Every structure is written in C-alpha cells, then in structure tokens.
Amino acid sequence: MALSQMEQEALSAPAVLTKQFAENFYVLQDICNRLQCYPPLFAMTVARGSSDHAATFAKYLFETQLGLATASAAPSVETLYGAKLQLKNSLVVALSQSGQSPDIAEMLQAARTAGAVTVALVNETGSPLAHAAEYVIPLYATPEIAVAATKSYLAMLGALVQFIALMTQQQALMTALAELPKQLEKAARMDWTSAVTAYQKQQSTFVVARGYGLPIAQEAALKFKETTRIHAEAFSSAEVLHGPFALVQKDFPLMLFGQQDVALPGILDLGKRLKQLSDNVFLAVPAHGRNNSLLQEAATVVLPMPASLHPICDPLLVIQAFYRMVAQLAIARGLNPDAPVNLTKVTKTR
C-alpha cells in the first residue's frame, strides 16, 4: 500500500535535520556570538499553528537553558491595533513554514524597527518573513505538499535544539544532536498499530505532557483534529486534574508523552490515576535504563520508542513516531491525511 504524502514527508525529517545541522552551523554561531556580546533582556516568539507549538518549545528551551524570559506575541497588537511595543535589546524569533502570513512578517519587521535582534526560522527563504528578519535560519525542509506540517515542524525543533547546543556548549546535548537524525529514523519505524486500532472509532481524546513535552502534545492534538477529525485537547499534566478530568470515562482514550527528566514521575503518577478510570491510556516515553516496569504501571499500552538521547531531544522522537501513526489513523478512518477538510497549506492572516 502506497504511503500518504504526509507519511512520506514525516519519514524524510531525519535527512532534513542532517542537512540543516551542517548548513546552519555558521549562521547560528553568528547569532550566538551576537547574543553573548549583547545579552537580550527578554525574548518573544511570533508564530501560528504548528509553528506556534514550536515556539512554545523555544520558550521552554530559552527559559530553562538560557534563563531568558520568553513571551508569545499577539500579532494583532501591531497589525490591527497599531501598538508600538518596547522591544529594544530583546530577541524576537518568528517561526513559519511558508513565511507568507502578513501578520507574522509585519510583527517581525516592527520588532526589528524597535531595536530587537530578529530571527526567522522559515522554509521559504525568499518569503516576506525572511526579508523582514535580520537573521534567517533556513529549515531546508524542501517543499512540503501535505497540508499537515511534519518535516517542517521537526526542522524547527531541530534548529532550536542546535541553537541551544551552540549557545550553551553543553557536550551532552551536542553529542545527542549528532545522533538525533539516526534516532529519528528508528522512531519512525516504531509500531503504534495498537493506537490506530484503539482510536479508529473514537471522537475525542486528551494528549497530556509537561515541560519540553507540552509543545509536542499541542502539536499532536492539532494533528488529531486536522487529519483524523478527532476532537483532541492538549493539557499539562499539572492542569488536566482540574476541570478536564471530569470527562475521563472507561472508554475515553488518553495519550501521555514523557521525556527522561524531572517531569516524568508526575506523568507516571497521573497515568496510574487515569488507568483507574479509563481502559485506553497510552504512554510514549523514549527508553532509558530499566524503568519499563514503571511505565507499564502507568499505562494500558506503553507505545514502543527508541532509546533516549537527551531530555531535550526526547520530544522530537515522540512526535516523529506519532506522525506516522496519525497519518495511518486518518486512512483507517476513511480520510485523506494529505488534504484535510476545509484546510489549506498556507494561511494568511492580518
């Protein structure tokens, strides 16, 4: 059976990251040198859709690894309301696959005019967004045909991890980065058929994570909605026990994501509680040591994952495995994952 375009593009992500890591080294090093000489007071991200989930990943990285407070921009503040933000001596990062949306480009141009260091992570280097930026980090994802972003999203995450590795000079992260493309290939071969079967007749779900994994949960929830027409919501494991917990019943499916860091025990504890209420608790955590028994206690099904390289890289492995599953799930539900109903590849807003 021929693979969908979405699945093919997801499978190409490891090669994209391999090229990206080689090609972007010098521009990222230039940005690092600039920021080390003139440290920004704070950072701001500008993005929408899947790119905004990558921006949330940037927030976690900037704040945990650089101590740099990071906010998400509301572009309409500039494009509709005409407000002039005080962005001098800040770092403003815009993320977009196409770089075509006017509000994202205008927001970045306004930040540059205000005195911010502006960076665009973009696949289309001739786009308005790229022209608005002082620094351009190409994604090298080549044209992405399927409406649902996969390889471009992973390319954004990869570029952010490479930036942090160069900025902090953490040897463990640099080593993990070098091995990441091969590990992504392994993640793409993981068999998540059990999730396809369990979700084939479902209409709603939660995707739960925390820390570096939360932006991946947000992305997974979006993909559930746009490719399978399952209503999915992403929650932090610290939040789901509030109002959303009332929706969990015996046949309600939940997908939990984890990484090998201090957030994992909380995910596992939550999984144990959820197993008492639902027969469909799925857990995806890159493998590490001999903690498999702990994972089994926290889920109905522990989804297979390759070994962890580094907590910061773990979410990339999880979403790589998820992308293939959700594309296959869409087909199992009689849908075309390459052309979701009512959606277009490029969305322009102002």
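In this text the structure is predicted, and so the values were computed from the model without any measurement.
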How close do Ala120 and Leu108 get, counting heavy atoms only, and between which atoms? CB-CD2, 4.2 Å
Where Phe252 and Ser204 come nearest, the two heavy atoms and their spacing: CE1-CB, 4.0 Å
Could you tell me whether a side-chain N or O of Gln200 sits under 3.5 Å from a main-chain N or O of Leu329, the two making a donor and an acceptor? no
Does the side chain of Asn280 pick up a donor-acceptor pair with the side chain of Ser278 at under 3.5 Å? no
Can you tell me how far apart OG (Ser96) and CG (Leu121) are? Round to the nearest 0.5 Å. 10.0 Å
Taking Lys275 for the side chain and Ala298 for the main chain, is one N or O donor matched with an acceptor at less than 3.5 Å? no
Would a distance-only check, ignoring hydrogens and angles, find a side-chain to backbone donor-acceptor pair under 3.5 Å from Thr175 to Gln171? yes
Could you go step by step and tell me if Ser51 and Tyr153 meet the side chain to side chain donor-acceptor pair (under 3.5 Å) rule? CA-CA 7 Å; Ser51 299; Tyr153 178 75; over 6 Å; no
Would you say Ser4's side chain and Glu7's backbone share a donor-acceptor pair under 3.5 angstrom? yes
Less than 4.5 Å apart, side chain to side chain, heavy atoms only: is that true for Asn89 and Phe42? no
First locate atom OG1 of Thr56, then atom CD of Glu219, and finally report the distance between them rounded to the nearest 0.5 Å. 10.5 Å
First locate atom NZ of Lys19, then atom OG1 of Thr142, and finally report the distance between them rounded to the nearest 0.5 Å. 10.0 Å
Check whether any side-chain heavy atom of Phe57 lies under 4.5 Å from a side-chain heavy atom of Leu316, and answer yes or no. yes
If you round to the nearest 0.5 Å, how far is CD1 of Ile312 from CG of Leu157? 12.0 Å
Start with the C-alpha gap between Leu270 and Val240, add the side-chain angles, then the distance that decides, and say whether side chain to side chain contact (heavy atoms under 4.5 Å, CB included) holds. CA-CA 9 Å; Leu270 175 64; Val240 74; 3.6 Å; yes
Taking the inter-plane angle between the rings of Phe322 and Trp192 on a 0 to 90° scale, is it parallel (under 30°), tilted (30 to 60°) or perpendicular (over 60°)? perpendicular
How about Arg333 and Lys201: do any of their side-chain heavy atoms sit closer than 4.5 Å? no
Can you label the angle between the Tyr199 ring and the Phe224 ring as parallel, tilted or perpendicular, going by 30° and 60°? tilted
Looking only at non-hydrogen atoms, find the nearest pair between Val136 and Ala130 and report the distance. CG2-O, 3.4 Å
Taking the side chain from Thr205 and the backbone from Pro253, do they hold a donor-acceptor pair closer than 3.5 Å? yes
Once you round to the nearest 0.5 Å, how far does OG1 of Thr228 lie from CE of Met325? 8.0 Å
Under a 3.5 Å distance rule, please check whether Gln29 uses its side chain to pair with a backbone N or O of Leu166 as donor and acceptor. no
Interatomic distance, CD@Glu226 vs OG@Ser50, rounded to 0.5 Å, equals 6.0 Å
At their closest point, which heavy atom of Gly158 faces which heavy atom of Gln20, and how far apart are they? C-OE1, 3.7 Å
Beyond-backbone contact of Met44 with Leu87, side-chain heavy atoms, under 4.5 angstrom: yes
How close do Ala165 and Met174 get, counting heavy atoms only, and between which atoms? O-CE, 3.3 Å
If we ignore hydrogens and angles and just use 3.5 Å, is the side chain of Gln183 paired with the main-chain N or O of Ala307 as donor and acceptor? yes
Write out all pairs satisfying salt bridge (charged side-chain N to carboxylate O under 4.0 Å, His left out) with one or both partners inside residues 110-139, taking only residues at least two apart or from two chains. Arg34-Glu134
A side-chain contact here means heavy atoms from C-beta on lying under 4.5 Å apart; do Leu173 and Cys313 qualify? yes
Do Leu95 and Val46 land in one hydrophobic cluster if side-chain heavy atoms of ILVMFWY residues count as linked below 4.5 Å? no
Just by distance, do the side chain of Thr70 and the backbone of Leu68 share a donor-acceptor pair under 3.5 Å? yes
Across all chains, not counting sequence neighbours, the salt bridge (Lys or Arg N to Asp or Glu O under 4.0 Å) partners of Lys182 are none
Quick test of your reading of the model: are Glu78 and Lys84 salt-bridged, counting only N-O distances below 4.0 Å? yes
In one Ile/Leu/Val/Met/Phe/Trp/Tyr side-chain cluster, 4.5 Å: Tyr60, Val285: no
How far apart are the closest heavy atoms of Ala94 and Ile104, and which atoms are they? CB-CG2, 4.1 Å
Using atom types as modelled and distance alone, determine if a side-chain donor or acceptor of Gln259 lies under 3.5 Å from a backbone N or O of Arg210. yes
Heavy-atom donor-acceptor pair, Gln260 side chain to Pro286 backbone, under 3.5 Å: yes
